[in-house]
Student: 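First the structure, then my questions, so here it is.
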Amino acid sequence: MKLEYCPAPFPHIKATELISPDIYKTMRFPELEARAMGRIGYDLYRGEPGWAEIVAQPGWKEFYAEVSSREFVGRILGLFKNDIIRFGGGIDPDRFTLEEFNEKRQEVKSPRLASDADPNALFTRFDFQAIDETYNSYAHVDWARRVVGGVLFMSSAEEEKIVGGEFALFRDAEFQNDRRCHKAVLAAKYPVAHNTGYFFLNFNGGFHGPLPMRQCIGMRKWIYYSISSRRDVWVPARVPA
């Protein structure tokens, strides 16, 4: 996997050749059913029926093993290390531990998991996700327990006849350091393209989201990836009453 660190508009990493191109051609993204209590409607999380069978398949097995490994997590945290320190991330990138933790569907929707967990005890998410043209999102940050988020594309705008839907980074013209985007301004956008992805620092100003899809004949397919703690690691400023 080729990783390129980008400091602007806020710290993120462009990833190309997520998987060897020859192997990628042999992989098939699963057909997902509509499910309640997820992020977007069509998704499949670790620990749910069918997930383990998919990641046991050739290609998926090696890909999942790589991005869930301590070596890879350390590589990503290493690229973001100075930024984590600069923005007050509540972990030590040099002293993390990696554990297996299945964050259940109802927990994914919860803004907080634990207040007394070791912040340096991290886990990864590797979620299959897909959506049609009904996908409406907004500029946002992920839960404060997510250290790093990632969007790893397994489809292309050309093949799925998608107009719009790019992965976008935003700045807040009225930034208040409260993890809410008050006045989103588009700062960068990246196309939906096979075997490419983006990792972003989920600090208080890490606003991101897809641009509106004006057309999607097929499905926008991707892996939602994150490096997460069970304890909040980003602290928003207090908002005056």
Side-chain angles (χ1 to χ4, degrees), residues 3-16 18 38-43 67 73 76-77 79-80 83-84 86-89 91 103 108-109 111 124-131 133-157 162-193 195-214 216 220-229 232-237:
L3 302 179
E4 177 189 355
Y5 171 81
C6 304
F10 63 80
H12 65 287
I13 297 167
K14 299 179 186 178
T16 54
L18 302 173
R39 292 187 194 86
I40 59 170
Y42 295 85
D43 46 33
V67 299
V73 170
I76 295 294
L77 294 181
L79 289 172
F80 284 134
D83 301 306
I84 291 171
R86 176 162 60 106
F87 292 116
I91 69 162
E103 193 175 25
V108 168
K109 302 295 287 185
T124 60
R125 291 199 64 91
F126 187 93
D127 304 338
F128 295 93
Q129 300 204 154
I131 197 62
E133 63 183 0
T134 61
Y135 192 17
N136 293 315
S137 187
Y138 56 94
H140 66 284
V141 292
D142 294 345
W143 295 134
R145 61 182 176 272
R146 313 289 190 217
V147 183
V148 172
V151 174
L152 312 179
F153 285 119
M154 301 286 133
S155 58
S156 75
I162 299 173
V163 179
E166 298 93 343
F167 176 65
L169 307 179
F170 301 88
R171 65 178 181 86
D172 185 357
E174 297 179 356
F175 183 67
Q176 298 178 32
N177 201 32
D178 59 359
R179 299 189 69 80
R180 290 186 294 167
C181 192
H182 299 269
K183 188 175 182 179
V185 177
L186 178 63
K189 64 179 181 178
Y190 296 114
V192 179
N195 207 14
T196 64
Y198 306 91
F199 302 93
F200 53 90
L201 193 67
N202 190 45
F203 76 114
N204 293 351
F207 299 110
H208 63 280
L211 294 181
M213 286 196 289
R214 301 185 296 280
C216 181
R220 186 183 189 266
K221 306 169 189 175
W222 73 101
I223 300 294
Y224 169 77
Y225 176 85
S226 75
I227 300 169
S228 183
S229 176
D232 288 358
V233 299
W234 304 107
V235 180

Student: Can you tell me if OH on Y138 sees more than 12 non-hydrogen neighbours from other groups inside 6.0 Å?
Tutor: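 12 or below, so no.
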Student: State which residues pass side chain to side chain contact (heavy atoms under 4.5 Å, CB included) with A173; sequence neighbours excluded, sorted by chain then number.
Tutor: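 Side chain to side chain contact (heavy atoms under 4.5 Å, CB included) check on A173 returns R171, K183, V185.
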Student: Determine the minimum heavy-atom distance between N204 and P236, stating which atoms define it.
Tutor: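 Looks like ND2-CA, 3.5 Å.
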Student: Applying ring-ring contact (aromatic ring centres under 6.0 Å, His included), can you list everything that pairs with Y42, at least two apart in sequence or on another chain?
Tutor: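 Per chain and number, Y42 pairs via ring-ring contact (aromatic ring centres under 6.0 Å, His included) with no residue.
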Student: Could you give the distance from NE2 (H182) to CD (E174), rounded to the nearest 0.5 Å?
Tutor: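 Going from the NE2 atom of H182 to the CD atom of E174 covers 8.0 Å.
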Student: Not counting sequence neighbours, which residues clear ring-ring contact (aromatic ring centres under 6.0 Å, His included) with W234? List them please.
Tutor: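 ring-ring contact (aromatic ring centres under 6.0 Å, His included) list for W234, sorted by chain: empty.
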Student: Over all heavy atoms of both residues, which pair between V73 and T124 is shortest? Give the atoms and the distance, please.
Tutor: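 Minimum heavy-atom separation between V73 and T124: CG2-CG2, 3.7 Å.
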Student: Mind listing the side-chain donor-acceptor pairs of residues 148-157 below 3.5 Å, one per line with the distance, residues two or more places apart or on another chain?
Tutor:
unit_1	atom_1	unit_2	atom_2	d
S155	OG	K221	N	3.0
S155	OG	K221	O	3.1
S156	OG	E159	N	3.1

Student: Begin from the C-alpha positions of L211 and L186 and carry the test side-chain contact (heavy atoms from CB on, under 4.5 Å) through to its verdict.
Tutor: CA-CA 9 Å; L211 294 181; L186 178 63; 4.0 Å; yes
Student: Please enumerate all residues that pass side chain to side chain contact (heavy atoms under 4.5 Å, CB included) together with C216, with sequence neighbours excluded.
Tutor: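 Only E133, I162, M213 meet the side chain to side chain contact (heavy atoms under 4.5 Å, CB included) criterion with C216.
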Student: Which heavy atom of G205 sits nearest to which heavy atom of F175, and what is that distance?
Tutor: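 Taking G205 first and F175 second, the nearest heavy atoms are CA-CE1, 3.9 Å.
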Student: List in chain and number order the residues that pass salt bridge (Lys or Arg N to Asp or Glu O under 4.0 Å) with R146, two or more places apart in sequence or in another chain; answer none if no residue qualifies.
Tutor: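 Listed in chain order: E103.
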Student: A side-chain contact here means heavy atoms from C-beta on lying under 4.5 Å apart; do P11 and F203 qualify?
Tutor: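 Sidechains of F203 and P11: in contact.
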Student: Would you name the heavy atoms of R145 and D232 that are closest together and state the gap between them?
Tutor: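 Heavy atoms of R145 and D232 come nearest at N-OD1, 3.7 Å.
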Student: Among residues at least two apart in sequence or on other chains, which ones pass side chain to side chain contact (heavy atoms under 4.5 Å, CB included) with V141?
Tutor: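 Only R179, N202, F207 meet the side chain to side chain contact (heavy atoms under 4.5 Å, CB included) criterion with V141.
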Student: Tell me, please, which residues at least two apart from D142 pass salt bridge (Lys or Arg N to Asp or Glu O under 4.0 Å).
Tutor: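 In terms of salt bridge (Lys or Arg N to Asp or Glu O under 4.0 Å), with neighbours along the sequence ignored, D142 is linked to no residue.
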Student: Under the ring-ring contact (aromatic ring centres under 6.0 Å, His included) rule, collect the residues that match up with F199, sequence neighbours excluded.
Tutor: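 For F199, the residues satisfying ring-ring contact (aromatic ring centres under 6.0 Å, His included) (neighbours in sequence not counted) are F72, Y225.
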Student: Ring centroids only, cut at 6.0 angstrom: are H12 and F167 within range, meaning strictly under it?
Tutor: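 Ring centroids of H12 and F167 are no less than 6.0 Å from each other.
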Student: Quick one, I131 and W222 - any side-chain contact, counting heavy atoms below 4.5 Å?
Tutor: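 Yes; the side chains approach each other to less than 4.5 Å.
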Student: Nearest 0.5 angstrom please: L169 CG to F10 CZ, how far?
Tutor: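 Rounded to the nearest 0.5 Å, the CG-CZ separation comes to 4.0 Å.
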Student: Any side-chain heavy atom of Y198 sitting closer than 4.5 Å to one from I13?
Tutor: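 Heavy-atom side-chain distance check fails, nothing below 4.5 Å.
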Student: Measure the spacing between CD1 of I91 and CD1 of I227 and express it to the nearest 0.5 Å.
Tutor: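 Going from the CD1 atom of I91 to the CD1 atom of I227 covers 8.0 Å.
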Student: Please report the shortest heavy-atom distance between F170 and A139, naming the atom on each side.
Tutor: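 For F170 and A139, the tightest heavy-atom pair comes out as CD1-CB, 3.6 Å.
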Student: Within the 4.5 Å heavy-atom criterion, are V233 and V147 side-chain neighbours or not?
Tutor: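 They are in side-chain contact.
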Student: Only counting residues at least two apart or in another chain, list the ones meeting salt bridge (Lys or Arg N to Asp or Glu O under 4.0 Å) with D83.
Tutor: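 Counting only residues at least two positions away or on another chain, D83 forms a salt bridge (Lys or Arg N to Asp or Glu O under 4.0 Å) with R86.
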Student: Got a sec, which residues hit side chain to side chain contact (heavy atoms under 4.5 Å, CB included) with N195, two or more places apart in sequence or on another chain?
Tutor: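 Side chain to side chain contact (heavy atoms under 4.5 Å, CB included) check on N195 returns L18, I19, Y24.
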Student: Which heavy-atom pair separates C181 from D172 by the least distance, and what is that distance?
Tutor: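 It is CA-OD2, 3.6 Å.
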Student: Roughly how far, to the nearest 0.5 Å, is the OH atom of Y5 from the CG atom of L79?
Tutor: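 It comes to 8.5 Å.
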Student: For G165, does its backbone N or O pair with a side-chain atom of R220 as donor and acceptor, under 3.5 Å?
Tutor: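 Yes, because the side chain of R220 sits within donor-acceptor range (under 3.5 Å) of the backbone of G165.
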Student: Using ring-ring contact (aromatic ring centres under 6.0 Å, His included) as the criterion, list what pairs up with H208, not counting sequence neighbours.
Tutor: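 Residues passing ring-ring contact (aromatic ring centres under 6.0 Å, His included) with H208: H140, F200.
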